[in-house]
Asks: 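The structure is given below, and queries will be raised subsequently.
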Amino acid sequence: MSDTHSLDTLVQALRRLPGVGQRSAQRMAFHLLQHDRPGAQALAQALDAAVQQVRHCRLCHTFTEAEVCATCLDPRRDASKLAVVETPADQAALERTAAFRGRYFVLMGRLSPLDGVGPQDIGLHELLARASDGLVQEVILATNFTAEGEATAHVIGQALKARGLTVTRLARGVPAGSELEYVDLGTIAHALVDRR
């Protein structure tokens with residue numbers, strides 16, 4: 001039996017974080033225990049509080065401590081526009097642009113048949129109900145431009161169009177400030193097709 005069971009457990013817990021392998025997890029654990037025990041305590045308390053208090057918004061499924069999030073409650077938001085995103089992080093990225101003043105629906109994932117994630121796992125029925133509430137006039141599909149994100153946008157788009165809703169997709173194109181010779185060919189091709 002190892003005399004560092006607690007340390008081993010900490011390392012394994014840190015490995016659950018995305019992009020953290022065995023060595024990175026060990027470095028973090030050693031750093032916290034050797035140089036920042038108060039930081040380790042603060043981290044443990046913050047994680048515990050978040051797990052106990054943070055839940056999903058009843059309307060849009062983002063993270064909140066209330067039953068309904070502040071974005072959904074904001075009367076200044078345009079209820080006729082609904083952006084569909086994969087994660088709360090994607091919602092936060094759109095919010096940082098300050099370019100979208102509508103409402104959101106967070107899927108909390110994307111379709112991935114190989115991983116066993118189907119329409120029922122991403123809240124498709126809840127999305128269809130929300131989009132068909134009589135207030136929403138346009139649904140903006142803001143899923144990622146990965147194979148899974150594209151498939152998710154396609155399935156959702158077809159279901160929403162069948163209900164007579166206007167469905168749009170985020171545009172793709174050349175990033176601002178970039179030089180064409182350094183942009184990948186797929187991005188250039190999409191920018192040409194989606195030109196305005």
Side-chain angles (χ1 to χ4, degrees), residues 17-18 42-43 45-112 117-146 148-178 187 190-191 193-196:
L17 296 170
L43 179 61
Q45 291 169 356
L47 276 170
D48 186 53
V51 168
Q52 297 301 320
Q53 297 172 17
V54 175
R55 57 181 163 173
H56 295 287
C57 172
R58 181 175 50 85
L59 297 176
C60 74
H61 294 166
T62 197
F63 291 137
T64 183
E65 290 186 22
E67 185 176 345
V68 177
C69 71
T71 303
C72 288
L73 290 174
D74 187 348
R76 296 168 297 177
R77 304 297 292 214
D78 184 354
S80 70
K81 293 183 177 24
L82 184 68
V84 178
V85 295
E86 292 180 19
T87 67
D90 295 336
Q91 177 187 359
L94 280 179
E95 280 295 288
R96 283 192 302 273
T97 69
F100 181 69
R101 296 299 302 157
R103 302 235 167 113
Y104 294 93
F105 188 89
V106 182
L107 297 170
M108 300 306 289
R110 61 188 174 271
L111 294 177
S112 181
V117 179
Q120 69 282 356
D121 300 312
I122 61 169
L124 182 59
H125 298 298
E126 293 91 340
L127 170 59
L128 295 176
R130 174 91 187 269
S132 303
D133 65 1
L135 298 173
V136 176
Q137 295 174 10
E138 177 187 7
V139 177
I140 302 161
L141 299 176
T143 57
N144 293 316
F145 290 104
T146 61
E148 293 90 353
E150 292 284 0
T152 303
H154 177 74
V155 169
I156 291 171
Q158 293 301 314
L160 293 168
K161 287 176 186 174
R163 287 178 162 66
L165 291 161
T166 300
V167 179
T168 58
R169 181 83 167 108
L170 285 184
R172 295 179 274 205
V174 178
S178 63
T187 299
H190 283 295
V193 171
D194 296 336
R195 69 187 182 279
R196 55 185 171 104

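Keep in mind the model is a prediction, meaning the values are calculated, not measured.
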Asks: What pairs meet the ring pair (Phe, Tyr, Trp, His ring centres under 6.0 Å) rule with one or both residues in residues 78-102, with sequence neighbours excluded?
Replies: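 Ring pair (Phe, Tyr, Trp, His ring centres under 6.0 Å) check on residues 78-102 returns Phe100-Tyr104.
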Asks: Does Thr187 have any side chain to side chain donor-acceptor pair (under 3.5 Å) partners at least two apart in sequence or in another chain, and if so, which?
Replies: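 Expected list: Asp184.
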Asks: Could you name each residue pair satisfying ring pair (Phe, Tyr, Trp, His ring centres under 6.0 Å) that touches residues 57-88, not counting sequence neighbours?
Replies: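 Sorted pair list: His56-Phe63, His61-Phe105.
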Asks: What pairs with Arg103 under side chain to side chain donor-acceptor pair (under 3.5 Å), at least two apart in sequence or on another chain?
Replies: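 Once residues adjacent in sequence are excluded, Arg103 has no partner under the side chain to side chain donor-acceptor pair (under 3.5 Å) criterion.
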Asks: Sequence neighbours excluded and cut-off under 3.5 Å, please list the side-chain donor-acceptor pairs for residues 151-168, or say none.
Replies:
residue	atom	partner	partner atom	Å
Thr152	OG1	Leu111	N	2.8
Thr152	OG1	Glu148	O	2.7
Thr168	OG1	Glu138	OE2	2.8

Asks: To check you understand the geometry: which heavy-atom pair defines the closest contact between Met108 and Pro88, and what is its length?
Replies: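 Met108 and Pro88 have their closest heavy atoms at SD-CD, 3.6 Å.
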Asks: Got a sec, which pairs hit side-chain hydrogen bond (donor to acceptor under 3.5 Å, both in side chains) with one end in residues 64-79, sequence neighbours left out?
Replies: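 For residues 64-79: Arg58-Glu67, Asp74-Arg76, Arg77-Glu95, Asp78-Ser80.
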Asks: Provide the closest heavy-atom pair for Gly173 versus Ala191 in the form atom of the first, atom of the second, distance.
Replies: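 It is CA-CB, 3.7 Å.
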Asks: Could you tell me which non-hydrogen atom of Val84 sits nearest to which non-hydrogen atom of Val139, and how far apart they are?
Replies: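 Minimum heavy-atom separation between Val84 and Val139: CG2-CG1, 3.6 Å.
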Asks: I need the minimum non-hydrogen distance between Ile122 and Gly109, along with the two atoms involved.
Replies: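 Minimum heavy-atom contact is CG2-C, 3.9 Å.
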Asks: To the nearest 0.5 Å, tell me how far Leu170 CG sits from Leu94 CG.
Replies: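 These two atoms lie 6.5 Å from each other.
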Asks: Any side-chain heavy atom of Leu59 sitting closer than 4.5 Å to one from Arg130?
Replies: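 Side chain of Leu59 against side chain of Arg130, heavy atoms only: contact under 4.5 Å found.
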Asks: Any chance you could lay out the side chain to side chain contact (heavy atoms under 4.5 Å, CB included) test for Thr143 and Arg169, step after step, and finish with the verdict?
Replies: CA-CA 8 Å; Thr143 57; Arg169 181 83 167 108; 3.1 Å; yes
Asks: Search all heavy atoms of Val136 against all heavy atoms of Ala131 and return the closest pair with its distance.
Replies: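 Looking at all heavy atoms of both residues, the shortest contact is CB-O, 3.5 Å.
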Asks: Take Leu135 and Leu82 through the test side chain to side chain contact (heavy atoms under 4.5 Å, CB included) and record every step on the way to the result.
Replies: CA-CA 10 Å; Leu135 298 173; Leu82 184 68; over 6 Å; no
